[in-house]
Amino acid sequence: TQLLEQSPQFLSIQEGENLTVYCNSSSVFSSLQWYRQEPGEGPVLLVTVVTGGEVKKLKRLTFQFGDARKDSSLHITAAQPGDTGLYLCAGAINNQGGKLIFGQGTELSVKP
Amino acid sequence: NAGVTQTPKFQVLKTGQSMTLQCAQDMNHNSMYWYRQDPGMGLRLIYYSASEGTTDKGEVPNGYNVSRLNKREFSLRLESAAPSQTSVYFCASRLSGGGTQYFGPGTRLLVL
């Protein structure tokens, strides 16, 4: 069974602080996706990283894929209350019909 | 485009009752997926359909059946609901070839 360990599970910070969320696995993924989910809604894709060592930036969010394509991180700079939500990482396995393995999720709360 | 739609939004069942969760997408996607989401466990794949006419088991298929009715529709059936099936169920679709998975808004199911 492939596992994707996501940490921390909960994070409560003040507005303006920085934070990093980690996803780690012993499996190699063909790509790694990060989703954000609001209460009562389905996950929405933020970014997909494909190449080992790849770094992508989305405004104040920086996503990195590990060199061996087994781990990834999401770093948020100067968090805002609007960043509050559930963040999920998901790894794709080659030749498996697009199946995704999801991490447990990180519940982020940014207080004003 | 409505994207991915799911019905019903909420459902309460008694143990042993049956029901079908409906999912439809209007994006002409080839692949469709059913996930369940439980606190602290991320999303777990129940069944998926890589293309019209095919279905395969995911990580947690026991107690469920699926039907890929046509390219647009993918239903999930609980033949005899159990309290352990209380969860939020998400349907997703993907064009194929590594494309993004798009999620529906979810069905919240409570089995008493």
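So that the names make sense, note that chain A is the first sequence line, chain B the second, and so on, each numbered from 1. Below, each value reflects all heavy atoms present in this structure, side chains not excepted, and no hydrogens, waters or symmetry copies.
Other residues, nucleotides and ligands place more than 12 heavy atoms under 6.0 Å from the CZ atom of A/F63.
Grouping the Ile, Leu, Val, Met, Phe, Trp and Tyr side chains by contacts below 4.5 angstrom, directly or via other members, places A/L58 with A/V110. A single hydrophobic cluster is not seen to contain both B/L45 and B/L109; linkage of ILVMFWY side chains at heavy-atom distances under 4.5 Å, directly or through other members, places them apart. Residues A/Y22 and A/I76 do not share a hydrophobic cluster, defined by chaining ILVMFWY side chains whose heavy atoms lie under 4.5 Å apart. Note on A/L32 and A/L61: same hydrophobic cluster, where clusters join Ile, Leu, Val, Met, Phe, Trp and Tyr whose side-chain heavy atoms are under 4.5 Å apart, directly or indirectly. Grouping the Ile, Leu, Val, Met, Phe, Trp and Tyr side chains by contacts below 4.5 angstrom, directly or via other members, places B/Y33 apart from B/Y89.
Between the side chains of B/Q101 and A/Q33, no donor-acceptor pair is found at a separation under 3.5 Å.
When each of A/G42, A/S30, A/C89 is scored by its heavy-atom pairs under 4.5 Å with chain B, the top score falls to A/G42.
Contacts of B/R44 with chain A are absent, with no heavy-atom separation under 4.5 Å from either backbone or side chain. No part of A/F10 comes within reach of chain B, as not one of its non-hydrogen atoms sits under 4.5 angstrom from that chain. Using a 4.5 Å cut-off between heavy atoms, A/E41 touches chain B through its backbone atoms (N, CA, C, O) alone. Residue B/L43 touches chain A through both its backbone and its side chain, counting heavy-atom pairs closer than 4.5 Å. Neither the backbone nor the side chain of B/Q6 comes within less than 4.5 Å of any heavy atom in chain A. Only the side chain of A/Q37 has a heavy atom closer than 4.5 Å to any heavy atom of chain B.
Annotation for B/Y35 and A/L100: closest pair OH-CB, 3.9 Å, computed over non-hydrogen atoms.
A/Q9 contributes atom CD, which lies 10.5 Å from atom CE of B/M41 (distance to the nearest 0.5 angstrom).
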